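We're numbering straight along the sequence, starting at 1. Just so it is clear, the structure is predicted and the values come from calculations on it, not from any experiment.
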Amino acid sequence: MRRPPERDEPTTPDEGPAAAGVALDGMTGAGSAAPRHARGRRRRAVVLPAAAGVLAALLVLTGGYATYSYNRFVGGVTHIDAIPASGGDSTDDDVDGVAQNILLVGDDHRPDNATPEELALLSTESDGGATNTDTMIVLHIPADGSSATLISMPRDSYVEIPGYGENKLNAAYSLGKEAGGSDAAGAQLLIQTVQNLTGLTMDHYVRVSLIGFYRVVDALGPVEVCLNQAAVDSFSGVDLPAGVSTLDAKQSLSFVRQRHGLPGGDLDRQVRQQYFLSVEARKILSAGTLLNPTKLGSVLDAVSSSMETDSGLNFLQLANQVKNLRPENVRSATIPVLGTPTIYVGGSALSIVEVDKGAMPAFIQSLVGPPQAYTDAVAADPAGVQVTVSNASGVTGAATTATEALAAAGFATGAPTSGAATAATVVNYPAGQEAQAKAVAAYLPGAVAVASSQVTGVTVVLGSDGVAVQAPAASAAPSATPDATESPEAPAATEAAPSPTSTPAGTSYAAGACIN
């Protein structure tokens, strides 16, 4: 029986839809060039080296490791000019103020110091690697450092790349590097793309190679994971029974790579990666690691030897900020998506992850909390509030119905409109109209009020979540931030508390939790 093709081949610039007639995901059309790296190489699957490396470094450094060893760690890190001078295009809508956002990038490149033995263990000795970024996670750390949220962005997310039109997110780095001729140019274009997508300003950048992930896990020693059911996948190499398994570094790679055999494919693989990071965090903070100087040194050496960062990132300062961080306060979330359709670009089929861009502001706000100005605002009288409703729910007449209901409640209303489909109902408002937005949100329980520079007045965007206009209860205050759109569902995950002033939204994995 013919083995089906591995679908984890990274998209290269030659495969991107920015240029008509070029190859897409290994599929070539008439007159197209063969995709770079497609011939004579083993196709590699996505891993999460950057997130693993940064968490390892930060958690080890919070243990008070010797200054000498820290200096040795810094000396092994490569620095590049990764942060765009303009701060990206999204600064007007930066929603989290002084919080830290670090873009963690993992790719398939091979660092110069990778040994033949390491390449052989990973079955990559004949594989030159790729410059596409297969793992992209924003590490969000609030100012008080009491928690951390890992925001996963699927590599196949179809997004706008500045200057290149729509393409898969993992093509941004390669496009930037090819145009600018350096890793720094690639990092800057990727950061601009992520900032425009999320509305979060990136403060720092970290890139770690495939080998880096292997080295970190190998230095930590065996890692225990738990599955609700057996997993066998010839593509990633995973072969695990139901229940608890102890994995070495190579088995860990197979575990986080698995996509085939999982109902949600790449989206379920995000769960594998998020779960693995929570397990690893607990192992790093265990006495067996923190009280073992040899192991600590090995972990730091493993991270630094494969890491590339912006020159402004001070790991010691960041480690001090998160010194009280505990594994149960490291949470995970995946950006909201509408599905994984196949589209056609230049006549070639392309499988993508369709991002729910309309739900993104509410999703991000559920993670970082509402602006203080909104929290402090007192709801205005409806009679003094002008509101317009846009229908993005897919239900015919929904905006007209909502407009009439709001008018009946005393609001001044504009003509209803329509917009691109989205799942989450949002109350968008310009800065300075917090009181008006809070008044409208009170009549839309479940909707999120989000500050936006894209509107000039309060605008309700109706999503497919079924939120409808209803009179607020006399004693109820409007909810500013419901729970985040979470990662694909995983059993035994501890759900987020709904209050934005306590536990951040997202998913955390309790000690001993099992997943599918």
Side-chain angles (χ1 to χ4, degrees), residues 8-29 31-44 46-47 49-50 78-86 88-89 103-112 114 124 127-136 153-197 202 205-211 306-311 343 345-346 348 350-353:
D8 286 330
E9 178 72 2
T11 306
T12 69
D14 288 340
E15 300 169 75
V22 297
L24 295 162
D25 273 8
M27 303 178 65
T28 57
S32 63
R36 230 174 293 172
H37 307 303
R39 295 192 182 102
R41 65 165 287 183
R42 294 172 184 251
R43 290 184 170 104
R44 302 301 307 166
V46 64
V47 291
T78 300
H79 295 97
I80 64 170
D81 185 18
I83 306 300
S86 63
D89 297 330
L103 179 59
L104 310 177
V105 172
D107 64 24
D108 208 19
H109 83 279
R110 310 289 180 261
D112 293 337
T124 59
D127 181 356
T131 57
N132 294 83
T133 50
D134 287 333
T135 300
M136 289 155 287
M153 296 169 289
R155 68 171 197 168
D156 289 342
S157 300
Y158 205 56
V159 301
E160 185 74 20
I161 298 178
Y164 295 91
E166 290 190 301
N167 204 328
K168 289 187 177 182
L169 179 60
N170 79 326
Y173 182 93
S174 287
L175 290 169
K177 181 175 180 177
E178 183 177 73
S182 67
D183 288 346
Q188 289 184 21
L189 183 60
L190 176 59
I191 286 174
Q192 289 174 345
T193 303
V194 170
Q195 290 184 152
N196 293 347
L197 175 66
M202 298 300 109
Y205 168 86
V206 175
R207 174 178 176 234
V208 180
S209 69
L210 173 74
I211 296 296
S306 307
M307 179 177 288
E308 181 179 86
T309 77
D310 64 282
S311 57
I343 64 174
V345 180
S348 296
L350 180 66
S351 177
I352 66 168
V353 172

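Residues E166 and E160 share a closest heavy-atom pair of CG-OE1, 3.4 Å. Taking every heavy atom of both residues into account, A172 and T193 meet most closely at CB-OG1, 3.9 Å. Counting all heavy atoms, side chain and backbone alike, D310 lies closest to Y205 at OD1-N, 2.8 Å. Taking every heavy atom of both residues into account, A185 and G176 meet most closely at CB-O, 3.4 Å.
We find the CE-OG1 distance between M307 and T78 to be 10.0 Å, quoted to the nearest 0.5 Å. Here K168 contributes atom NZ and I352 contributes atom CD1; the two are 8.5 Å apart, rounded to the nearest 0.5 Å. To the nearest 0.5 Å, atom CD1 of residue I191 and atom CG of residue N196 are 12.0 Å apart. Separation of atoms OG1 (T309) and CG (L103) is listed at 12.5 Å; rounding is to 0.5 Å. Interatomic distance, L189 CG to Y164 OH, rounded to the nearest 0.5 Å: 6.0 Å. Taken to the nearest 0.5 Å, the CD atom of Q192 stands 10.0 Å off from the CG atom of L190.
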- From CA spacing to verdict: side chain to side chain contact (heavy atoms under 4.5 Å, CB included), D81, Q188: CA-CA 8 Å; D81 185 18; Q188 289 184 21; 3.9 Å; yes
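A donor-acceptor distance shorter than 3.5 angstrom exists from the side chain of S157 to the backbone of P154, with no hydrogens or angles considered.
Checking V105, D183, I161 one by one against Y173, the side chain to side chain contact (heavy atoms under 4.5 Å, CB included) holds for a single residue, D183.
Counting only heavy atoms from C-beta outward, the side chains of M153 and L169 approach each other to under 4.5 Å.
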